Amino acid sequence: MPFTIHDLNPPQQEAVFTTEGPVLILAGAGSGKTRTLTCRVAHLLEQGVAPWNILAITFTNKAAEEMKSRVTDTAPEGDKVWVATFHSTCLRILRTAADRLGYAKDFTIYDTDDSRVLMRRIIKELDYNPKEYRERDVLRRISAWKNKMRSPDDADKLSSGRYGEERVVRLYREYQRRLLMANAMDFDDLLLNAVQLFEDNPDVLEHWRSRFRYVLVDEYQDTNPAQFRFVELLAKEHRNLCVVGDDDQSIYRFRGAEIRNILNFESVFPEAKVIRLEQNYRSTKTILKAANGVIANNAGRKEKTLWSAMEDGDPVVFREYGEAREEARGILQDIQKERDRFDYGDCAVLYRTNAQSRVLEETFVAAGLPYRLIGGVNFYERREIKDCLSYLRLIANPRDDVSLRRIVNVPKRGIGDTTMDRVAEFAAREDFSLLESMTMAADIPGLTKGAAAKLTAFTNLLMSLQMEALSLSVEALIERTLRDTGYLDYLLEEGEIESEARRENLQELVNKAADFGGEIGLDALSQFLSETSLVADVDALEDDVNKVVLMTLHSAKGLEFPKVYMAGMEQQIFPGERVLYSGDDSDLEEERRLCYVGITRAMKKLVLTAAARRMVNGSFQTHTVSQFVEEIPKDVLKHERRGLMMSSAGRPGREDGWRFGASGDDDWSSPRGRSGWGSGAGTSGGWSSGTGSSGGRSFGSGRSSGDSRNSDSRPASGKQPAPGWTDFGDSFGFGVSARPGRSAAPAPEILTEFAPGDRVVSRRFGAGTVEKTEKTSKETTVIVLFDKFGRKVLLPEYAALTREE
DNA sequence: GAACCCATCATTTTT
DNA sequence: TGATGGGTTC
């Protein structure tokens, strides 16, 4: 036996042996999914299925590589199985028959950046207001349409009649037209066009259908309608379709994934066998209990109960900090403290947004803690790499206008915007590509002789490179290009350090081309370009380095770590602000699934952290504790350092929510941090535990003890007191501590300081609840959700808010 | 045509 | 806070 079936539990075995007909495997987190899939493929091969009859589709290159190597290790001929991402599968199919769709075989793939550039041009040329039609938003709409397989015509027909929709459809149409003209496809097009190819060409479909007699799809919960259609087309007849997924781990709805694909699988394939993998081999019982407690709050799930035979293990820890910097320091110290139990490489710090990594990084750098940051700028997104690839792309596909525009004046050749606008006009009128037009520089109206000469020099340069490309390996071509275009010299003009780094990156690109295997000519070039455009991160996670990993919750999917920190567990951070205010429950549910994914990454120990204040988009915000923390069963949660933040459950109407410091003080630049809540020492003691009631929020009855501790640590910052409010206000920290209630007259006080959850009354809008305060260097705003008037952003100086009676 | 300055604006991400 | 893009100035 090439694999040991005895290592599999009964449902896993069933998943392996049910080779014929549709199968839906609901694989909970850590349930041995990859192993099961690998065995399944190995079993198919053992049954005599030819390797080329098997197609296994994944979402990421990483997953594809992992599966490929495991299949190769497990089964003879495993290396001949087609294991690839959706996109590269489609690409390979399209390359064989792109001409049927009006494309040349050497079409270019536009990444998101290229798409943005193209869209910006279109918006400009159609003379739409770029403020109103931002390319990002437009492209998002277009992508959503494409994910649902809606052509511009469909979009037009189904148009909601919403303001501006017509124009977005127009942009969509123009965008597609230009892509076709440039012989380019964007990422969505790869799928869409593959589906189209199948639907319009029965012979092509038949060919691939009979080739892929067994189809597997991993991470099925992340498929969008186009992907589903693609798979359906391939499998409709033989019905040997096995999909694996977990609806609870669907976190990509925002980019078109449809959980419905997994929830409705059985209605599309009624005879489908459903297999549940519910035993978790990864996490302690305690961690699973926390995860299950959170996810239980979502409605409409495929019911399944993840269980673990592991020990109970440590409780889940939750720690609050006053400020994000302290949170980072706290995590750092905790890592160091438990170093004997969890080495650096055992730890991961997960957060909701990339921006949160900054504070962590700074803290870790200062302390010399080894860490690795995942995410951020992709190798292929770096400027010099994109520049170089643009030259290559233009060589392979002279119609690629976006690439041409990018490098036509890099390095400087005196071909500026004005000149190119003339060229573009001419090109549009005569229906030529930009490069074609440039070869006819003399015929382009409005160009000076000098400008025309520069264009000709450029086209000559390109033509000579094209000639050379025929007889050079990709590696050699890159070197020649960088030299002949003057790009290397151009880099030298920049700063030394910058230039050095960029040259190293380019060298890296050359190395990659060398790995690609010295083949000569345009086909090799075109293949190299395809591959590079479908590969995301070169710095794939190496296991052998002993460093703490920093990454977003999203990128943690599919990974596991002995010890996991989830930082920024704050309302409005996670769940994020937009989600909280979108009014759509399913948004919150997706966020909750993300939380579930995060929790289930942890094997032995899970630590959640939050900060009362943090800098968000350049201004300080105050936050309450994430509701997800409240959703974790209390008996598995150890709440350390409590008392800094208001519980998100302690919403208005409840008397138990207040802890001081729900908002910050107004002088963040002062070197505080050791005083007050900063060290934790002053605050961890003295507070009643958990949901108790001391510390009281009863207004007018005096400040809580926490107030004085906070406010006296720091002088006033000179902010203007609110009208009629000269005595107080300023000497208090702002926030809960600043409710200057006690000694004031019984007349309604005009508030200057607010904390999330405060109930307030405005003369104009009536009663409402404070959502948050936001502070920039210039002003403080308070965001209030009024009961009758909805959300308003107010300036406290003018709003004259009073406390609700 | 290119160097600056100011205003604006911010999830999540793979391909 | 920071990146980015457009507009202004030389």
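Note that the structure is predicted; figures quoted are calculated from it, not measured.
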Q: Can you sort out the partners of A:Ala556 under side-chain contact (heavy atoms from CB on, under 4.5 Å), two or more places apart, ordered by chain and number?
A: A:Leu350, A:Met551, A:Arg601
Return the polar atom pairs (N/O with N/O) between nucleotides 7-10 of chain B and the protein under 3.5 Å, or none.
{"unit_1": "B:dA10", "atom_1": "OP1", "unit_2": "A:Arg134", "atom_2": "NH1", "d": "2.6"}
{"unit_1": "B:dA10", "atom_1": "N6", "unit_2": "A:Asn617", "atom_2": "O", "d": "3.2"}

Q: Indicate for each nucleotide in nucleotides 2-10 of chain C, in 5' to 3' sequence, whether protein heavy atoms under 4.0 Å reach the base (B), only the sugar-phosphate (S), or nothing (-).
A: S--SS----
Q) side-chain contact (heavy atoms from CB on, under 4.5 Å) with A:Leu192: which residues, sequence neighbours excluded? A) A:Lys146, A:Met149, A:Asp189
**Q.** Selection: residues 246-258 of chain A, any non-hydrogen atom under 4.0 Å of DNA chain B
**A.** A:Tyr252, A:Phe254, A:Arg255
Q.
For DNA chain B, which residues of residues 583-593 of chain A approach it to below 4.0 angstrom with any heavy atom?
A. A:Glu591
Q) Which residues pass the ring pair (Phe, Tyr, Trp, His ring centres under 6.0 Å) test with A:Tyr133, sequence neighbours left out? A) A:Tyr128
**Q.** Partner set under ring pair (Phe, Tyr, Trp, His ring centres under 6.0 Å) for A:Tyr351, not counting sequence neighbours
**A.** none
Q) Which of residues 219-232 of chain A sit near DNA chain C, with a heavy atom under 4.0 Å from it? A) none
Q) Which residues pass the ring pair (Phe, Tyr, Trp, His ring centres under 6.0 Å) test with A:Phe528, sequence neighbours left out? A) A:Phe516
(Q) Going by side-chain hydrogen bond (donor to acceptor under 3.5 Å, both in side chains), name the pairs with one or both residues in residues 403-417 of chain A, residues two or more places apart or in two chains. (A) A:Asp387-A:Arg406, A:Tyr391-A:Arg413, A:Arg393-A:Ser403, A:Asp400-A:Ser403
Q. With sequence neighbours excluded, what pairs up with A:Ala355 under the side-chain contact (heavy atoms from CB on, under 4.5 Å) test?
A. A:Thr353
